[in-house]
Amino acid sequence: MDFLGKFPAMSRGELRDFKKGIDSSFSEFTSEHGEAIESFFDPLLHFLVWFEKLLLATPWPLILLIIGVFSWLGSRSVKIVIGAVLAFVAIGYFGMWKDTMSTLAIVSVATLICISIGIPIGILMARSKYAQAFFTPLLDVMQTIPAFVYLIPVVMLLGIGKVPGLIAVCIYALPPIVRLTNLGIRLVSKEALEAADAFGTNYRQRLFGVQIPLALPNIFAGINQTIMMALSMVVIASMIGVAGLGVPVLRSISNQYLALGLLNGLAIVALAIIFDRVTQQYGKRLQKHRHGDLHE
Amino acid sequence: MSKNEIAISIKGLYKVFGNRSKKMVTHLKNGVSKADLLDKYHHVVGLKDINIDIPAHQISVIMGLSGSGKSTLIRHINRLIEPTAGSIDIYGENVLSMSKGTLREFRRHKVAMVFQKFGLHVHKTVAENVAYGLVIQGMSLKKAKQKSSKWLIRVGLEGFENHYPSQLSGGMQQRVGLARALATDADILLMDEAFSALDPLIRTDMQDILLNLQQELHKTIVFITHDLDEALRIGDSIAILRDGEIIQQGSPQDIILKPDDEYIVDFIQDVNRGRVIQIKSVMDKGVSIEGPNFHQNMVLEDILPEIVKSTQQMVNVTNDQNQVIGSVDLKTVASAIAKPVIQSNNNANYTQSSSTELT
Ligand SMILES: Nc1ncnc2c1ncn2[C@@H]1O[C@H](COP(=O)(O)OP(=O)(O)OP(=O)(O)O)[C@@H](O)[C@H]1O
Ligand SMILES: [Mg+2]
C-alpha cells in the first residue's frame, strides 16, 4: 500500500550525491577548460565590443541616415522609412540612445552568428535525413528549455559578461533560421530539381543555383524570426551583464519605476517592429516573380 | 547521315518499384504476372522487357495511356531513373556503366529534355532559363545568354528576355523549355508530353515549331504523348506502350492500317483516317492505268475528289522521282477510310496472349 502511495524515488542521500557528482564534475571541467573556452570566444568578444563602440562613436545624424537608407533598401516604402526614423528620434529624445545602440549591437552580432551557423545546418538537414533526425530534437530543446536553465552552465563556464549573454541569445534565436532553411529547401519543387538534374547539374550548382534561390523567401522568414527572438532575449541577457535596453528594464522591476520600464520596453518593441516590417517587405519582394507581377 | 543509324538501343529493360525489385524481375521472367506481383509481393511493375531501337535524326513517338509507363521509360534514357534490369546504349555507349561524372557530362552535352510541367526555374528570367544548360556546361552567364539568344528568338520569345516564367502563358513557357533544350546543341531531345498541358490551338502551334526546327536540325527526338493525333502528326515512327510493355512499333501508317490488337483499335478508332493514311499505303503495287498521277504521300482525303473526277475513278501513284509505282481506286480509298482493319493473324495472336494474361 505504501509502495503505491509514494513514488519509489531515490533516497535523499543518493539524490544529493548524484547532483553533487554532476556539479563537481562540471566545476572541474570549468576550472580545467574554462580559460581555454573563454579565449576561444575572445575574437567574438572583440568584434562585439568593436561594433558597439563603432555604433556609439558614430554621430547620431549619421545613424539616423543609415537607418533610413537600410529601411528604404529593405522595404522600398516611404511610410516604413519615416516610421523608423521617427522611432529613433523618439528613442534619442527620451534618453535611450546609448542603450539602444548597445542592444542594436548585440542583436546584430547575434543575428549574424545565427545566420552563419544556422543556414549551413539547415542545408545539411535538408540534404540528409540523419542530420534531420539529429538536429530536430536538439532544436526543440533549444526552443523550449527555459533560458534560465542554460544560463547556469554558460555563466559557470564563462562568468558574467557579453559573451555568455551573446551565447544565450544565440541558443534561443538559432532554431527558426535552421528550421526555415531546411523547410525552404525541402519545399523546392520536384520539377525544378528534375530539370536541373536533366541538364547535368552538380551538387554545388544545384544548391546555389536552384535550391537556395528558391528557398530564399523561407530563409528570409527565418532570419526575420531569428531577429525577433534575439530582441525578445534582451532583458534576460542583461541579467548576465549585457548592456542595453534590458538593464533599465531590470532596474525598474526591482525598484518599481513604471515610466522607466515602460519607455525602455517600448523602445524594444519599436526596434522589433522596424526590423520586422523591413525584413518582411524585403522577403515579399524576393517572392515577387512568383506571382507574376512585373519586375522593375 | 545514314538513314538506319540507331541512336538509342534499349534491350531487355525492366523497372520494378519496390525494395526487392531485382528478385521481382526474376519472378517476371519466370512468368509471374504483374497483377500477382502487386497482390502477392507488393511491387509495382513500371516497365517489362522493353526492347526498342530508336533511329537517329528522326522523331520517334512513344504513346500510351496514363500510367502506361511513358515517363518512366523516357527517364531511363538519361538515367533520371535507374533500371532494375536491362541495357541502354546511346550511340554504342552504355549509359548504365557511366560514373556519376561521366553521366553529368553526358547530360550536359548529349541529351536535353523538355518537360510536361515545363520545369522552368521561376526565379530566373526567360533569358537565364534558356541559357541554363550552357551555364551548367561551365560558360559564364553573359556568354551563355549571348550564345543561346538565337534559340530564344527562334522559338518566338524575342522581347521577353527579361520576363519571369510566371508572367508568361503556358504556351510561351513551353517555348522557354524548348529553347532551353535546344541551346545545349545536344543531339538527343527527350520530350515527355511536352505539349500535353497546352490548349489544342497552341499545341498545334508548338507542333509546327517543332516540325519546322526538325527539318533543319535533324535531331534525334523521343516524343512522348497520349494523344494519337499528335503522334500521327509528328511521328516518323510510333511505339505503343501498355501497362509497361511495348505492344506495337511501326510507322504511323502501320499503326492505323494494321493495328496489332484491340487496345490499339480502341486507340485509333476516333482518328480521321482520311487525313492520315497516305495513298502509298493502300495502293495496288505495280498496276498502272491511263489517268492522272499523284504523289505517294498524298492522304486519302485529298485524293478522293481527284478520283471521283477521274474517268476511271482511279489514279496513279508516283514516287519522288515521278515514276508511277501503282494505283488506287475509289473502292480501296473508301474502304480504307471506312473502318479499322485488324489483320486476322495478329488478331489471333492477341486473343491468345490476352487469354493467357487473364488466367
Ligand atoms: N516512384 C514510383 N513508385 C511506385 N510506382 C511508380 C513510381 N513511379 C511510377 N510508378 C508507377 O509506374 C506506372 C507508370 O508510371 P508513369 O509515370 O511512367 O506513367 P505515364 O505513362 O507517364 O503516365 P502519365 O500519362 O500519367 O504521365 C504507374 O502505374 C505508376 O503508378
Ligand atoms: Mg508521364
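Within every chain, numbering begins at 1; the chains are lettered A, B, ... in the order of the sequence lines, protein sequences first and strands thereafter. FYI, side chains are in, hydrogens and waters are out, and symmetry mates aren't considered; it's all heavy atoms of this structure.
Within a 6.0 Å sphere centred on OH of A:Tyr203, other residues, nucleotides and ligands contribute more than 12 heavy atoms. Within 6.0 Å of atom CD in B:Glu82, more than 12 heavy atoms from other residues, nucleotides or ligands are found, so the atom counts as buried in its surroundings. By the neighbour-count criterion of 12 heavy atoms within 6.0 Å, atom CZ of A:Arg127 is sparsely surrounded, having that number or fewer from other residues, nucleotides or ligands. The number of heavy atoms from other shown groups lying within 6.0 Å of NZ (B:Lys219) is above 12. No more than 12 heavy-atom neighbours from other residues, nucleotides or ligands sit within 6.0 angstrom of OH on A:Tyr282. Within a 6.0 Å radius of NZ in B:Lys70, other residues, nucleotides and ligands contribute more than 12 heavy atoms. Other residues, nucleotides and ligands contribute over 12 non-hydrogen atoms within 6.0 Å of the CZ atom of B:Phe17. For A:Phe40, the CZ atom counts as loosely surrounded, since its 6.0 Å shell holds 12 or fewer non-hydrogen atoms of other residues, nucleotides or ligands.
Neither the backbone nor the side chain of B:Phe118 comes within contact range of chain A; no heavy atoms are under 4.5 Å apart. Proximity to chain A (any heavy atom under 4.5 Å) is restricted, for B:Leu80, to the side chain, taken from C-beta onward. Heavy atoms closer than 4.5 Å to chain A are found in the backbone of B:Val111, but not in its side chain. Proximity to chain A (any heavy atom under 4.5 Å) is restricted, for B:Arg75, to the side chain, taken from C-beta onward.
With a 4.5 Å cut-off on side-chain heavy atoms, B:Arg108 and A:Asn202 count as touching. At least one side-chain heavy atom of B:Phe115 sits under 4.5 Å from a side-chain heavy atom of A:Glu194. For the pair A:Phe199/B:Val135, no side-chain contact is recorded, criterion being any heavy-atom separation below 4.5 Å from C-beta on.
In this structure, A:Pro213 and B:His123 approach most closely via the heavy-atom pair CB-CD2, 3.3 Å. The two atoms that bring A:Ala195 and B:Gly119 nearest to each other are CB-O, 3.2 Å, heavy atoms only. Taking each heavy atom of A:Gly200 and B:Arg104 in turn, the nearest pair found is O-CD, 3.4 Å.
With rounding to the nearest 0.5 angstrom, the CG atom of A:Leu214 is 7.5 Å from the NZ atom of B:Lys124. The NE2 atom of B:His121 lies 7.0 Å from the CG atom of A:Leu193; values are rounded to the nearest 0.5 Å.
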